[in-house]
Undergrad: 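First the structure, which I've put down as structure tokens, then a few questions once you've had a look.
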Amino acid sequence: MKTGQSHLFIPGPTNIPDRVRRAMNVPMEDMRAPDFGELTKPLFEGLKRVFQMTSGRVFMFPGSGTGAWESAITNTLNAGDKVLMSRFGQFSHLWVDMAQRLGLDVQCIDVEWGKGVPVVEYAKILDADKSHSIRAVFITQNETATGVTSDVAGVRAALDATGHPALLFVDGVSSIASIDFRFEEWGVDLAVAGSQKGFMLPAGLSMLGVSEKALDASRTARMPRCYFSFDDMLKLNDDGYFPYTPPTQLFHGLREALALIEEEGLQNIFARHNRLAEGVRRGILAWDGCSLCAHSPQWYSDTVSAIVVPENIDAREVIRSGYERHRTSFGSGLSKVMGKVFRIGHLGDLNEVMCLTALASAEMALRDAGAKVEFGSGVAAAQDWYSSSQSVEISVAAE
Ligand SMILES: *Cc1c(COP(=O)(O)O)cnc(C)c1O
């Protein structure tokens, strides 16, 4: 069927609100004009509020989230530096891979996919590192491949308990602006985000929150960096300019997205994601033979659910049928879980009925792929939840 809308339920790029899309439809402009800073300077301030930080800096590099990963590492560390990381899904895996390729000495803890950052093990390793040879600790706050959220505050507490001075790196690409992330309170030093997930924009802007401590580290770190240099940005950003051509359309979109975020209020956004996600999870768990990749509620992600299909079913068929017959895009199973998992992204510009649509479409796609899912079972479970739970909105002024 070619009529009507198609449905995007991948965990990024996410649906772009009409207001944001219209805001980007502007003529090209002069990025060296005397008043260009009027557009860009408030964006840095707005991003700081979303990251929940008051000191330090936010950088915006043309690029995707991966660019901000690279920027965070190359600006603050040296080749051969020892870093502590963990791997439990495709995104945490790729960050480890990048760190190794950039010459870091990575101590990587492999964790079963479906669980997240091993806070207790981190704490033990940090405690044993009396000489403070570990320069940085890395966390993927939300592992998008498995739908697993980890405890950033717990890792901060482990660092504090041992008085360990390592820098704290957080990948927040699929969490920041959707689920609670507190740069300052959690003592994060480098926080990575991207435009195409919680920020409801096209891909193309990588954002990076940087603490004063990380800025200090960048002044002495010697890893080569050029395009992603903090220094080059610092020289121009205060006046609202960039060392190379910035994506001005995306800035217009970001201005509108930040306005939407502030109108709804961060706490309301987090609560909405939690409530919508809970409905999707109840739907998934009502399907016969299906389960969540996340092992237990402690790990559940409010931005993406990874669904393990019944043994005899190929999840790729679910995704193919979703796309071809029902015009619905689901996220695929990446790497180790290919064929076993498909994903429903539930972040960004989203409401209850959209989530019900995703579940209804998935039920049909699962049946097409041979699963014995009872039609309406997941949809009904989600409907029950949405109609019985209240969406409570606090007034933004009271935040
Ligand atoms: C999407 C994603 C990335 C990679 O971002 P790109 O924008 O594709 O470079 C990194 N980490 C996480 C957790 C992600 O979800």
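Position 1 is the first residue of the sequence, and the numbers go up from there. Below, each value reflects all heavy atoms present in this structure, side chains not excepted, and no hydrogens, waters or symmetry copies. In each ligand, atom 1 is the first atom listed, and ligand 1 is the first ligand listed.
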Undergrad: Under the criterion side-chain hydrogen bond (donor to acceptor under 3.5 Å, both in side chains), which of His346, His273, Arg281 is the partner of Asp302?
TA: Arg281

Undergrad: Side chains of Val148 and Cys293: closer than 4.5 Å at any heavy-atom pair?
TA: no

Undergrad: Polar pairs, ligand 1 vs protein, N/O only, below 3.5 Å.
TA:
unit_1: ligand 1; atom_1: 7 (O); unit_2: Ser64; atom_2: OG; d: 3.4
unit_1: ligand 1; atom_1: 7 (O); unit_2: Gly65; atom_2: N; d: 2.8
unit_1: ligand 1; atom_1: 7 (O); unit_2: Gln196; atom_2: NE2; d: 2.7
unit_1: ligand 1; atom_1: 9 (O); unit_2: Ser64; atom_2: OG; d: 2.5
unit_1: ligand 1; atom_1: 9 (O); unit_2: Gly65; atom_2: N; d: 3.2
unit_1: ligand 1; atom_1: 9 (O); unit_2: Thr66; atom_2: N; d: 2.8
unit_1: ligand 1; atom_1: 9 (O); unit_2: Thr66; atom_2: OG1; d: 2.5
unit_1: ligand 1; atom_1: 11 (N); unit_2: Asp171; atom_2: OD1; d: 3.4
unit_1: ligand 1; atom_1: 11 (N); unit_2: Asp171; atom_2: OD2; d: 2.6
unit_1: ligand 1; atom_1: 15 (O); unit_2: Thr144; atom_2: OG1; d: 2.4
unit_1: ligand 1; atom_1: 15 (O); unit_2: Lys197; atom_2: NZ; d: 2.6

Undergrad: Among residues two or more places apart or on two chains, list those pairs meeting ring-ring contact (aromatic ring centres under 6.0 Å, His included) that have a residue in residues 357-394.
TA: none

Undergrad: Is it true that Phe228 and Phe59 have ring centroids separated by less than 6.0 Å?
TA: no

Undergrad: With distance as the sole criterion, is a donor-acceptor pair present between the side chains of Gln196 and Ser64 under 3.5 Å?
TA: no

Undergrad: Evaluate the ring planes of Phe330 and Phe342, with Trp represented by its six-membered ring, and classify them as parallel (under 30°), tilted (30 to 60°) or perpendicular (over 60°).
TA: perpendicular

